[in-house]
Enquirer: 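Handing you a structure now.
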Amino acid sequence: MLHGRRILLCVTGGVAAYKSAYLARRLVESGASVRVAMSESALEFIGAQTFAAITGNHPVTSLFADESVSPHTEMARWADLVIVAPATAATIGRMAEGISSDLISATILAATAPILVAPAMHTEMWENRSTQRNIDQLRSDGHHLVGPNEGSLAGGDVGVGRVAEPEEILEAASSILEGDAGGRAVLVTAGGTREPIDPVRYVGNRSSGKMGHAIADEAVIRGYSVTLVTTSSLPVHPAIKVVSVETAQEMFTVVSDVKADVAVMAAAVADFRPAKSHETKLARSDGLKSIQLEATPDVLASVVARSERPYVVGFAAETGGVERAIEKAERKRVDLLVYNDVSEPGSGFNTDTNRVVFIGQDGTTESLPLLSKAEVAEKIWDRIASELNERE
Ligand code: PMT
């Protein structure tokens, strides 16, 4: 679950900071990309170079000395998960109050990713009513806590306040990132297929892959394990398994090998291809007057026909009213059909926004306003998650 995930490790000033070096190593071993932010007092306990050597990235240690003009927002946006380990009483207090007075608290305040806090302090400080009040506040703000444990503390003391072990933090991180996805595998198709006429020309369409890639990105953020079969080279989250294809036949062949609990078919697959693809470039003097077309395989239909049928979301690219799409939803036997009018400004092909209508199995519709494709992807996953929950 940590493979390809982007983890920001915030190290604050306690003797347990040395354990965070091992935590960083375990995160890297698990396949995560790890970046580290260190508070001034963390640097009193462990050197930045240790984390640089382990993670391959130089830790950020100041709000102002980094190359980035805004290191806190840049790191916060990058992260899929923020781990604060060790988290001192002072850091926890600032988090509870929403104070952004230093690198760590500003980064945490800027983060929209989930935050996992591993407190570490002396027993008296942990049990203090102020700390407990702050911990209650973190919980009610939706932050996740791991530990503290009972055991040896700094200065030979023994009691509650020992930071959770790296393996416990790793396990907590995995289960947060898995979220409600429950280990489900997702297949997404994206982009427009290109059906060759000769080595130079093809029959194609205007799909950029933006919609399908946004759906794949959102699925990973929600903890699904994602395979994206795409004709597009747009960047995607590193945790996504990407298989590049060009033609409808290639997409069909690749998809048939991908096991999935949920399939979202956002690709614009050509319905027809040239019956003959010429091996060498056709010259004008060859005098080609027409191109004979033949039907391509229906990728969506092959997924719907599986004996272990996933939850299937189809798309309908239309240039008129929703009626044709309602009929298509029934004919294609999908669990959900996402209709978009590709002739509407701001919708459909190669736009950053889309206006879609959800069509359920029973033909009921839900119209959404014009949204960014990332927002449309969120709505699609909200709908899938709620229907899967109902089924369970
Ligand atoms: O990629 P973007 O530029 O962001 O544009 C997004 C989009 C407009 C391509 C997307 O939102 C969209 O509508 N995708 C589906 C396009 C399409 O092919 O629609 P359709 O109505 O022709 O096909 C219906 C469904 O059958 C689709 O899920 C399609 O993936 C699938 N299909 C179609 C033909 C075929 N041979 N195999 C298929 O699997």
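Atoms within a ligand are numbered from 1 in the order they appear, just like the ligands themselves.
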Enquirer: Tell me whether the count of non-hydrogen atoms from other residues, nucleotides or ligands lying under 6.0 Å of CZ in Arg206 goes above 12.
Expert: no
Enquirer: Can a side-chain donor-acceptor contact be found between Gln137 and Asp141 if the only test is distance below 3.5 angstrom?
Expert: yes
Enquirer: Considering the options Leu300, Thr193, Thr189, which one meets the side chain to side chain contact (heavy atoms under 4.5 Å, CB included) requirement together with Val269?
Expert: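 Going through Leu300, Thr193, Thr189 one by one, the side chain to side chain contact (heavy atoms under 4.5 Å, CB included) with Val269 is satisfied by Thr193 alone.
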Enquirer: Quick one: ring-ring contact (aromatic ring centres under 6.0 Å, His included) pairs with a partner in residues 204-236, sequence neighbours left out?
Expert: Tyr224-Trp381
Enquirer: Do the side-chain N and O atoms of Asn205 and Ser207 include a donor-acceptor pair separated by under 3.5 angstrom?
Expert: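 Not at all, the side chains of Asn205 and Ser207 share no donor-acceptor pair under 3.5 Å.
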Enquirer: For ligand 1, would you mind listing the residues that have at least one heavy atom less than 4.0 Å away, ordered by chain and number?
Expert: Ser207, Ser208, Gly209, Lys210, Met211, Met265, Ala266, Ala267, Ala268, Val269, Ala270, Asp271, Thr296, Pro297, Asp298, Val299, Leu300, Gly314, Phe315, Ala316, Ala317, Lys328, Lys332, Asn340, Val342, Gly348, Phe349, Asn350, Asn354, Lys373
Enquirer: Can you check whether Thr364's main-chain N or O pairs, donor with acceptor, with Asp362's side chain at less than 3.5 Å?
Expert: yes
